[in-house]
Structure formats: structure tokens, C-alpha cells
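In what follows, a single structure is set out as C-alpha cells and then discussed.
What you are looking at is a predicted structure, and each value in this text was computed from that prediction instead of being measured.
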Protein chains: 2
Amino acid sequence: MNTERPADALIDLAQEFRDALRQSVYVLRRLDAHAELSSAQLGVLKMALDGGARVGEIARDLGVKVPSATEQIIRLERAGLLRREADPDDSRAVRVLATAEGRAAIELADRRRNERIAAILATLGRDERDAISAALPVFHKINRSITP
Amino acid sequence: MNTERPADALIDLAQEFRDALRQSVYVLRRLDAHAELSSAQLGVLKMALDGGARVGEIARDLGVKVPSATEQIIRLERAGLLRREADPDDSRAVRVLATAEGRAAIELADRRRNERIAAILATLGRDERDAISAALPVFHKINRSITP
DNA sequence: GTTCATACTTAGGAAGCCTAATAGTTAGGA
DNA sequence: TCCTAACTATTAGGCTTCCTAAGTATGAAC
């Protein structure tokens with residue numbers, strides 16, 4: 001006998017999903033712990049590659065307000081990882097560009113983190129990796145649905 | 001021709017996984033945004049149900065250091081959502097217990113968040129929900145592998 | 001050429017987390 | 001017994017990241 005209405009099953013899945021979200025925060029903290037670049041900084045810096053980006057674009061992409069992005073940008077600029085310059089098309093705007101050091105820092109930080117995760121993924125069974133692989137796009141889709 | 005060695009495929013999956021982690025942080029921020037209780041507080045408060053928990057247990061379970069747990073506990077105590085009392089078995093320890101208001105707050109906060117997620121899950125196809133469902137345990141397993 | 005909108009910065013503040021130092025309690029060995 | 005080492009929690013101080021509100025400068029539109 002089915003005592004569970006469909007709605008309840010959805011709520012249960014939602015609860016599990018939320019638990020996974022919460023865990024993700026802890027995992028990301030661990031991953032950031034002894035790193036030279038935090039995930040937040042890495043996110044900003046990556047936007048500054050390939051022709052750079054405007055401050056507002058960076059903020060939008062990272063899901064934060066403009067002042068928060070400015071703060072990170074200033075910090076990274078002081079560290080010599082990116083530079084700011086006036087946007088030639090719009091003097092109100094500021095273009096943010098990664099320096100050579102910035103690019104090197106991204107490369108290093110990304111590689112270290114990816115290798116650490118990859119080592120864990122390597123211990124999984126093929127079916128487990130497939131499960132992750134199949135879920136990531138859906139995960140992405142769900143996350144996009146949650147707007148401010 | 002297969003130009004991709006297995007190791008590269010793992011690194012790629014690791015990168016995608018990391019992107020998902022990063023997004024999770026943003027999602028959780030959105031979810032917390034106008035909530036009466038933050039996710040961090042909700043986590044602490046949930047540990048204080050069913051006979052309560054010691055400060056150290058709470059910290060361990062939530063993946064933070066003891067002083068961080070203490071801080072949350074004090075905040076929640078001031079809000080009247082939990083109370084602290086001496087552990088009868090060990091006078092060094094402190095037992096943390098949710099009050100009736102605390103239990104009500106958990107119930108409300110959980111319900112609101114779960115309903116919001118469930119509404120999004122409801123828009124997915126069955127195969128997409130299945131993908132999420134299958135991946136969550138693996139996700140959990142990976143997260144447990146990443147230790148400080 | 002005002003006026004309104006846009007882009008960013010500055011200022012101030014809150015939430016969370018951390019380490020180091022402290023106080024009190026327990027437990028174990030001389 | 002008593003002394004020391006280990007453990008539990010709190011306090012103090014500091015960092016990061018985020019936010020809102022207010023200010024400056026530029027662009028666009030009438």
C-alpha cells in the first residue's frame with residue numbers, strides 16, 4: 001500500500017537536496033582552507049580572462065551585488081592578479097583584466113583543486129561516476145531556477 | 001580516435017563538480033536571503049532536538065570549530081530558540097536543547113525551504129528527478145571524502 | 001542643458017568562521 | 001593523595017564575504 005502521496009516524495013527529495021547543498025558549503029570551505037586563492041576570488045579572477053569583464057558583469061555572474069565584486073576586485077588588484085582600466089566605450093564602466101600572474105594563479109589553483117576532486121572521483125565505481133555525471137546538468141538547472 | 005586519456009575525463013568531471021559546489025553556495029545564499037533563520041543557525045538548532053547535543057558534538061557535525069558553534073548557540077539562546085544546561089554526566093560539558101519556540105522555528109523554516117525546492121523539482125521530468133535522486137548518495141559519499 | 005538613469009566606489013555594518021588564550025573538570029599516575 | 005595532562009567550553013580579537021545606503025562621474029534623452 002502506498003501511504004506516500006507524490007507531494008510528500010517531492011518534499012523528501014527537496015530535503016535531501018537541501019542537505020546536499022549544505023554539505024557543499026562545508027566541502028568548499030575545506031577546499032578553500034589552505035589555498036592561496038579562495039573560491040570567491042577564483043570566480044572573480046576567471047571572469048577577468050579573455051578580454052576581461054566589467055564590474056557589473058562580474059557581480060551578476062557571481063550572484064553578488066556590485067560593491068561585493070568591487071571589494072574582491074580591489075583585493076585582487078592589490079595582489080597584482082588583475083588590473084582595472086577605463087572602458088573605452090563607456091567611461092562610467094571599468095574593465096577588469098587578469099594579469100599574467102593572475103592567469104598563472106588561476107591555472108595553479110584550478111589544477112590543485114581539480115586534482116584533489118579527481119582523485120576522489122577515481123575511487124568511485126563507474127556507475128557512481130555516471131550518476132554524478134548525469135545529475136550535474138539537472139543540478140545546474142535547479143540552481144538556475146532559484147532566483148533572488 | 002580517442003584523444004582523451006581517462007585521467008583527463010576525470011579532471012573534466014572534477015571541474016564540473018566544483019562548478020556545482022560553487023553554485024550551491026549561491027543557491028544557499030538565495031534560500032537564506034529573507035529567511036528568519038540562516039542555514040547555519042538551522043543546522044545548529046536541529047542538533048538541539050531530541051535530547052539535545054553537546055557543543056562539541058554540534059561543532060563536529062556541522063564541520064566548524066567549537067568557538068564557532070558556541071557563537072551560534074549563544075545567538076540562538078538569546079533569541080529564545082534553545083537553552084544551555086550543564087551536562088549531568090560531565091560538568092565540563094554543556095547540553096544544548098531546543099525550546100518549544102525553537103522546534104516551531106525549525107518546522108517553519110524547513111517547511112518553507114522544502115516547499116520552495118519541491119516546487120522546482122515538480123517542474124522537472126521524471127528522468128531528471130531520478131538523476132538527482134541517484135546522485136545524492138554519491139554526492140554525499142564524495143563530500144565525506146574531503147576531510148580538512 | 002537639465003534631468004534621469006547607469007556604473008562604480010566608499011562607508012558602515014552584520015554573519016560566520018578562525019586561532020590563541022583562559023577557566024573549569026576529569027582522569028591517570030607517582 | 002596530589003599533580004599533571006587531557007578535555008570542554010568560552011572569551012577575545014581578527015579575517016573574509018556579503019549587504020545597504022550614500023556619493024561621484026558619465027551617458028542619454030528630452
| message | Quick test of your reading of the model: are A:Glu101 and A:Arg103 salt-bridged, counting only N-O distances below 4.0 Å? | response | no
| said: Applying the side-chain contact (heavy atoms from CB on, under 4.5 Å) criterion to A:Ile142, which one of B:Ile132, B:Thr123, B:Val27 satisfies it? | reply: B:Ile132
| field | Interface limits on DNA chain D, where chain B has a heavy atom under 4.0 Å of a nucleotide atom | value | D:dC7 to D:dC18
| request: Scan B:Glu71 against the nucleic acid and name what it touches under 4.0 Å (heavy atoms): base, sugar-phosphate only, or nothing. | output: base
| query | If you pin B:Arg75 and B:Pro67 to their nearest nucleotides in DNA chain C, which one's is more 5'? | reply | B:Arg75
| remark: Comparing B:Asp89 with B:Ala69, nearest DNA chain C nucleotide closer to 5' gives the residue B:Ala69
| What does B:Asp90 touch in the nucleic acid at a heavy-atom separation under 4.0 angstrom: a base, only the sugar-phosphate, or nothing? | sugar-phosphate
| message | What contact category does B:Val64 fall into here, base, sugar-phosphate, or nothing, at under 4.0 angstrom with non-hydrogen atoms? | response | sugar-phosphate
| message | Just to be sure I understand the rule, does A:Ser91 reach a base, reach only the sugar-phosphate, or reach nothing, if contact means heavy atoms closer than 4.0 Å? | response | sugar-phosphate
| task | Looking at every strand, decide which applies to A:Arg84 at a 4.0 Å heavy-atom threshold: base, sugar-phosphate, or nothing. | result | sugar-phosphate
| said: Taking B:Leu121's backbone N and O only, do any of them form a donor-acceptor pair with B:Arg129's side chain (distance below 3.5 Å, no angle check)? | reply: yes
| remark: Footprint ends on DNA chain C, 5' to 3', for atoms under 4.0 angstrom from a heavy atom of chain A, come out as C:dT6 to C:dC17
| request: Go through the steps to decide whether B:Asp12 and B:Phe17 satisfy the test side-chain contact (heavy atoms from CB on, under 4.5 Å), and finish with yes or no. | output: CA-CA 9 Å; B:Asp12 288 348; B:Phe17 188 80; over 6 Å; no
| So which one's nearest nucleotide on DNA chain D is more toward 5', B:Ala93 or A:Arg92? | B:Ala93
| query | So what does B:Val66 hit on the nucleic acid, given a heavy-atom distance under 4.0 Å: a base, only sugar-phosphate, or nothing? | reply | base
| Any ion pair linking A:Glu16 and A:Arg18 (charged N to carboxylate O, less than 4.0 Å)? | no
| Salt bridge flag under 4.0 Å for residues A:Asp32 and A:Arg113 | yes
| query | Is it the case that B:Asp19 and B:Gln15 place a side-chain donor and acceptor less than 3.5 Å from each other? | reply | yes
| message | As a quick check of understanding, evaluate side-chain contact (heavy atoms from CB on, under 4.5 Å) for B:Val94 and B:Glu85, giving each step before the final call. | response | CA-CA 6 Å; B:Val94 169; B:Glu85 53 188 45; over 6 Å; no
| query | Is B:Arg83 salt-bridged to B:Glu77, going by a charged N under 4.0 Å from an acidic O? | reply | no
